[in-house]
Amino acid sequence: MNQAKKLKDTLNLPHTDFPMRANAVENEPQRIEHWEQSGLYQEVQKKNKTAESFVLHDGPPFTNGDVHVGTALNKILKDTILRFKGAQGFKTPYIPGWDCHGLPIEFKVTKTLRNKKIDYDNVSLRKSCAEFSQNYIETQRSQFKRLGVLADWEKEYRTMNPRYEAEILRTFADFVEKGLIYRSKKPIYWSIPCSTALAEAEIEYKDHVSPSIYVPFEIDGEERCSMVVWTTTPWTLPANMAVAVHPREKYCKVRVDKGHYWIGQSLVEDFAKICDFESFDIIDTQTGDSLVGKNCRHPFIERSSPVVAAEYVTMDSGTGSVHIAPGHGLDDYLTGLEHDLEIYCPLDDYGCYSADDYMPDELIGLSVLEKSNGCAANHKVIEILEKKNLLLAQKKHHHQYPHCWRSKTPVVFRAMDQWFVSLDKDGLREKCIDKLGDVNFTPDWGANRIKGFLESRPDWCISRQRSWGVPIPVFFDEDGNPLLDADLIRFLANRVEEKGSDIWFSSDENSLLEGYELDEQWKGKVLSKGTDTLDVWIDSGCSHRSVLRNEKDLSWPADLYLEGSDQHRGWFQSSLWTSMTSFDSAPYRRILTHGFVVDGEGRKISKSDGKPQTADSYVTKYGADVLRLWVCSEDFRRDIPLSDEILDQVVRSYRTLRNTIRFQLGNLDGFLWEEHSVSLDKLDMIDCWALSKTAELTADITDAMNTYELHRVVQLINRFCSGVLSSTYHDIIKDRLYTLHTDDSYRRSTQTAIYQIFETFVRLIGPILSFTADEAWSFHKTGKKLSSDFLLLQDWPKADNSFASSESVEDAQILLDLKESKINEALENLRSSKLIGQSLEAEIVLTFSAESEIAKVLKRRLSNLPELFIVSSVILDPVSSETELKVTAHHAPGVRCPRSWRWVPELVEAGDWGDVSPRCAKVLSKLNL
RNA sequence: GGGCCCAUAGCUCAGCUGGUUAGAGCACCGUGUUGAUAACGCGGGGGUCGGUGGUUCGAGUCCACCUGGGCCCA
């Protein structure tokens, strides 16, 4: 064996079994299993059992697919925050949930059943939906676990659980009791052949040719002067209740032989052409505003039709005046609400005009359904207009029109009776806005956003003509009068709690009501149960009640709701309404929102791009810790970009972190705290400095964590890792760690510091890099990959300020600043001149004014300087004149010690090892061999 | 079309109440080391702060408008 090899064996080179590469794809699942088998979640709860609690209430993801990368981001943020709070000593019960009901599932299941030609009724459809939902709960749960999410999975909540459903009904009962529930009409999509309501998702848009007609509405009290509307659904004219104009657009009064017409200014030419007017004059021009308030006469029904203002009126096509049928369109409906128009819809379930006081006899019974020979209702309406000479023009109009996904026929908008929650009764809306003042928002504009929604939303339509949901427990008598009774609903809620909401669908009216004492007025009546279900926003909006108030580990209100910013309109809002109604206070103390995952260009990610959307597709490639590090390195309050470039960068910084930890572990090999640690007041200068930097880091990270600025945490970690450790501390201490005697006090001093830095640093990254930190901790404590020593059971580090303003730390900082600026510059010059390679080959000369401040430091720390600057020797050259400190460097004189690689004046003999520096000789002499 | 929000080096982020040549980490280029080695050190080149106009002695930082993007509505 050659001398070099032998000498190398006398060094204390780092050694650890902590692998350089994570091999996360294989190792992380093992760790998850280990956590689960050890009951880590329960252990953490046990540790903080008696402490103040921090309740993060989980917003339930919808159970209709694999976990999306955005959902993964959400759960990772929650988990990171909870791990931090848990380490801080808070009791952090975390019960995840699932949102089960809703149209997307019902729609998918219905499609599958139909494709398989399986007959179904409400009960069997609901059973299939429940199975569908449950399947995805299993899938998503395991995908969440794979991300490292620690939770009380045993107690997870599902909105389809009977106990949960019962609380939904109790919430509804509260609404009823407070008199907030009322019945009113609202237009919905209706499929005539299927005789069923449709949701937006069940609509397919197809090319369609509709008749387009121009119809004058004569203005009351103005002879031969009309507003003119343009419509492509003539059959809705009988339901016309108003004519809308844009308040700020200009309108012209056009004079032709037949009379005068008000037409949007920019549409006059087109209009005249379409109507074949030979000539026309414009005799007046007004803004829409000044037309508002006029009254028109319906063209063929004895009814007036006021001119109203609507912002959505455009001058793109038509006449600038819009036919408003509040019972047949959503815009029309909202305009109707605004102007107190009747939501009039003279159409039965089969799409035929029904008889009432208004409907002309010749229209009654006619179908509005489009058949091969056209639409009977359209034909007749046009015929009536022609007869009255009120058809200014008629054309064919090609456009996209909604069709029913099942029957493939055009759907109609049809107002039907729905249940609403009155949001203004007893000042509910004001109270909600008011209570928002007690809620903290991160980012703070969240308050503004939710407030905007609260202020502007119309009354809440909570009924849906669906099967997969919680039934609205209402009965109707034979005249259609509803029986809506809070006590009865609570009675039914108790039954649902026992049997699930399926009983509503599987039981008849008598058995549902069995055991309930009806009021006198209802006794003996033939009652039939309603068929509507509740809006699913009620479902999830009740979670604070069903979960926070019912689980004994949890408490109400929650300390934190943390969801995507879309939930300002969704869950945050629905939860607030239900909470205010039942408990007169908000269910959360703080709302934290994150943005959406976008691609590298900042555009939304969509399936059509072919880029992966599921969390799994990333986890199986990069592992969970890299994904967690990505989440936490982004400022999640705005859009969160994700691209290969970004992930590559995250991977690199992960490797750096991992390697830094590995270096520390390697240098703690054989170090036993009880036996070898040095008392803190005896630590060497550079070790004190490193510990003071660690204390700063701890304070900064704790601060960033407390304000949920996780990206700042990651930046701090990275900077510490490279700036404080790799390029400075670790670089400097290598000499003493490797070359001094194992038990040398300088070496032990440094190991003491590393030990503390390691324990602090690993705890600091623990909430984010949960797998890696736990792995490192286990190796640190037991030398093994998996052990029962869990990082998560450790307390959050406290910033140790004992070194903050010590002379050692201040001196070190001055000297390190000098190193980073002038020393490195001098060394680099030497290196680029090919005079040295590694810096140990250099000798430094420092010329400085003897009276300067730095002179004192240099003199005081002379013996530390070579090590600090990583050179072989340092010569001080104090001068009496006032001069700026100057650094010169040259190749060190003397000979190179083959063991320490330092250049010394001369080598001494060290037995079998040959010639080494005196310092190394001393070390070697102490070795027991 | 409306409400809310975002826009600083190739990437991820700092830049407090407006004030010297706009910072960090990563990447890149060059280079050293081969005793953290599928690692580590040193050096260097990159932004005029999305655009335009304004307020001001002075603006990345305030105001207006515009452009691009996101969420939610229509």
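Chain letters run A, B, ... following the sequence lines, proteins first and then strands; every chain starts at 1.
- Remark: Tyr738(A) is in phosphate contact with A36(B), judged by side-chain N or O atoms under 4.0 Å from OP1 or OP2.
- Using a 4.0 Å cutoff on non-hydrogen atoms, the parts of residues 14-21 of chain A near RNA chain B are Met20(A), Arg21(A), ordered by number.
- Residues satisfying the ring pair (Phe, Tyr, Trp, His ring centres under 6.0 Å) criterion with Phe572(A), sequence neighbours excluded, are His568(A).
- Put simply, Arg662(A) has a side-chain N or O that comes within less than 4.0 Å of OP1 or OP2 on U37(B).
- Residue Glu828(A) contributes atom CD, which lies 8 Å from atom P of G44(B) at whole-angstrom precision.
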Please set out all donor-acceptor pairs under 3.5 angstrom arising from side-chain atoms of residues 446-457 of chain A, sequence neighbours excluded.
from, atom 1, to, atom 2, distance (Å)
Arg449(A), NH1, Ser565(A), O, 3.3
Ser456(A), OG, Gly452(A), O, 2.9
Arg457(A), NH1, Gln573(A), OE1, 3.4

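- At least one side-chain nitrogen or oxygen of Ser726(A) sits closer than 4.0 Å to the OP1 or OP2 atom of G41(B).
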message: For Watson-Crick and G-U wobble pairs within 3.5 Å on both distances, what is RNA chain B written in dot-bracket notation, | included for inter-strand pairing?
response: (((((((..((((.....[...)))).(((((.......))))).....(((((..]....)))))))))))).
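- The side chain of His730(A) places no N or O atom within less than 4.0 Å of a non-bridging phosphate oxygen (OP1 or OP2) of G41(B).
- Taking atom CG of residue Leu13(A) and atom P of nucleotide A39(B), one finds them 19 Å apart after rounding to whole Å.
- G35(B) has its base stacked against the ring of Trp901(A), the centroids being under 5.5 angstrom apart at an interplanar angle below 30°.
- Not one side-chain nitrogen or oxygen of Lys734(A) sits closer than 4.0 Å to the OP1 or OP2 atom of G35(B).
- Counting to the nearest Å, the C1' atom of G41(B) and the CD1 atom of Ile732(A) are 12 Å from each other.
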- request: Begin with the C-alpha distance, continue with both residues' side-chain angles, and end with the deciding distance and a verdict on ring-ring contact (aromatic ring centres under 6.0 Å, His included) for His780(A) and Tyr755(A).
  value: CA-CA 9 Å; His780(A) 172 57; Tyr755(A) 188 99; 4.9 Å; yes
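- Taking Asp743(A) as the reference, Arg748(A) meet the salt bridge (charged side-chain N to carboxylate O under 4.0 Å, His left out) condition, with sequence neighbours excluded.
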task: Please step through salt bridge (Lys or Arg N to Asp or Glu O under 4.0 Å) for the pair Asp700(A) and Arg719(A), ending with a clear verdict.
output: CA-CA 12 Å; Asp700(A) 291 347; Arg719(A) 215 184 318 160; over 6 Å; no
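- Taking atom CD1 on Ile733(A) and atom P on A36(B), their separation rounds to 11 Å, with Å as the unit.
- Counting any heavy atom pair closer than 4.0 Å across all strands shown, Pro443(A) reaches no nucleic acid atom.
- Distance CZ (Arg896(A)) to C1' (G35(B)): 11 Å, rounded to an integer number of Å.
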- line: Nucleotide by nucleotide, nucleotides 64-74 of chain B touches protein heavy atoms under 4.0 Å in the pattern (B base, S sugar-phosphate only, - none) -----SSBSSS
task: Kindly determine whether Val69(A) and Trp630(A) satisfy side chain to side chain contact (heavy atoms under 4.5 Å, CB included), including the steps that lead there.
output: CA-CA 11 Å; Val69(A) 65; Trp630(A) 161 67; 4.2 Å; yes
